[in-house]
Protein chains: 2
Amino acid sequence: MNKEIINEKLATRVKNKMLSDDLLFDVAEVFKIFGDSTRIKIIYALKLSELCVSDLAFITNSSDSAISHQLRILKQAKLVKSRKEGKIVYYSLKDEHVIKLFEIGREHVEEL
Amino acid sequence: MNKEIINEKLATRVKNKMLSDDLLFDVAEVFKIFGDSTRIKIIYALKLSELCVSDLAFITNSSDSAISHQLRILKQAKLVKSRKEGKIVYYSLKDEHVIKLFEIGREHVEEL
DNA sequence: TAAATATATGAACAAGTATTCAAATGAAGG
DNA sequence: CCTTCATTTGAATACTTGTTCATATATTTA
């Protein structure tokens with residue numbers, strides 16, 4: 001697969017210090033969730049307030065169905081939680097970590 | 001596209017407070033870059049040391065070509081920088097922000 | 001119970017993307 | 001200059017994923 005190792009000592013040392021593929025895969029998975037416009041919009045809207053599906057659709061200019069699909073993904077990733085009140089399902093962010101991640105990403109973008 | 005607004009006052013207020021689509025798009029774009037196993041591996045390896053393409057390929061168990069393609073994406077996103085020394089091109093992380101983003105993502109995963 | 005409404009779900013389609021393979025640069029050494 | 005080697009590049013392919021549309025589920029109300 002590869003050819004030669006340029007700096008074998010260094011490369012071997014770094015390779016030994018690498019985190020497990022599983023952990024790095026999971027880290028990538030979390031970022032992947034944040035890496036979609038619709039989901040980022042949902043996250044930011046939920047940062048402002050608990051909201052139901054149709055209001056999120058209105059706020060993000062998406063269809064109810066698209067929002068529902070994305071909320072499912074966000075919920076599976078444990079980034080949002082929901083509570084049901086009659087017909088209406090209210091979604092909110094799971095914890096402060098989500099906000100923190102969003103803010104660091106935002107800072108990074110705004111500093112470019 | 002949508003049907004009804006459940007809580008019109010709240011939804012309208014949130015909609016007015018939303019960040020611009022452009023900004024939210026850019027934020028999503030940054031996260032998207034982090035949202036790939038190969039790129040996350042590269043980022044973590046470069047967090048440990050400046051490295052050249054073939055060593056990165058060795059460390060991440062990928063082909064030179066695949067790594068080169070991903071480094072191009074990382075460079076365009078201004079997440080890594082490079083310096084050439086003869087035939088060899090050394091890559092390193094652009095700034096502390098990249099490390100910070102990675103670490104918050106890692107923390108999030110490890111706390112689940 | 002029937003109609004209306006909020007949300008969820010599944011299949012299908014379109015668009016985006018990571019990898020591979022082959023070939024092309026570009027630099028060093030003989 | 002010719003060869004070797006590190007990296008880059010482009011095209012092709014295979015895979016993933018977000019949206020839409022139609023339909024289903026669940027809850028309220030007439």
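By convention in this document, chain letters (A, B, ...) are assigned in the order of the sequence lines, proteins followed by strands, and residues within each chain are numbered from 1. Everything numeric here is computed off the predicted structure, so don't read it as measured data.
Note on A/Q70: a side-chain N or O is less than 4.0 Å away from OP1 or OP2 of D/dT19. Using a 4.0 Å cut-off, some side-chain N or O of A/K84 falls inside it from OP1 or OP2 of D/dT27.
Atom CD1 in A/I6 sits roughly 16 Å away from atom P in C/dA27 (whole-Å rounding). The CG-P distance, from A/L74 to D/dG18, rounds to 10 Å in whole Å. Rounded to whole Å, the distance from CG on B/D55 to P on D/dA6 is 10 Å. For the pair A/E85 CD and C/dT5 C1', the interatomic distance rounds to 16 Å; values are reported in whole Å. In this structure, the CG atom of A/L51 is 15 Å from the P atom of C/dA6, given to the nearest Å. Taking atom CG on A/N61 and atom C1' on D/dT20, their separation rounds to 17 Å, with Å as the unit. Going from atom CG of B/N7 over to atom C1' of C/dT5 covers 17 Å, rounded to whole Å. The distance from atom CG of B/L56 to atom C1' of D/dA6 is 13 Å, rounded to the nearest whole Å.
For A/V14 against B/S49, the heavy-atom pair with the smallest separation is CG2-CB, 4.0 Å. Smallest separation of non-hydrogen atoms from A/I33 and A/L74: CG2-CD2, 3.6 Å. Nearest approach of A/R39 to A/K32, heavy atoms of both residues: NH2-O, 3.3 Å. The two atoms that bring B/N7 and A/D55 nearest to each other are N-OD2, 3.0 Å, heavy atoms only. Counting all heavy atoms, side chain and backbone alike, B/A28 lies closest to A/S37 at CB-N, 3.7 Å. Taking each heavy atom of A/L101 and B/F31 in turn, the nearest pair found is O-CZ, 3.2 Å.
A salt bridge does not link B/E96 to B/K100: none of the charged nitrogens lies less than 4.0 Å from a carboxylate oxygen.
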Are any protein N/O atoms closer than 3.5 Å to N/O atoms in nucleotides 8-13 of chain C? If there are, list each pair with its distance.
| unit_1 | atom_1 | unit_2 | atom_2 | d |
| --- | --- | --- | --- | --- |
| C/dA8 | OP1 | A/Y91 | OH | 2.6 |
| C/dA8 | OP2 | A/S68 | OG | 3.1 |
| C/dA8 | OP2 | A/Y91 | OH | 3.4 |
| C/dT9 | O4 | A/S65 | OG | 2.8 |
| C/dG10 | O6 | A/H69 | NE2 | 2.8 |

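Judged by distance alone, the side chain of A/T12 and the main-chain N or O of A/E8 form a donor-acceptor pair under 3.5 Å.
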Set out, in order, the CA-CA distance, both residues' side-chain angles and the distance that settles ring-ring contact (aromatic ring centres under 6.0 Å, His included) for A/Y44 and A/F102, then state yes or no. CA-CA 8 Å; A/Y44 186 70; A/F102 176 88; 5.4 Å; yes

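Contacts with DNA chain D (heavy atom under 4.0 Å) in residues 32-46 of chain B: none are found.
Here the side chain of B/I88 is nearest to one of D/dT7, C/dA6, C/dA27, namely D/dT7. Comparing D/dG18, D/dT7, C/dA27 against the side chain of B/K87 picks out C/dA27 as the nearest.
Residue B/I67 is classed as having no contact, given no heavy-atom separation below 4.0 Å to the nucleic acid.
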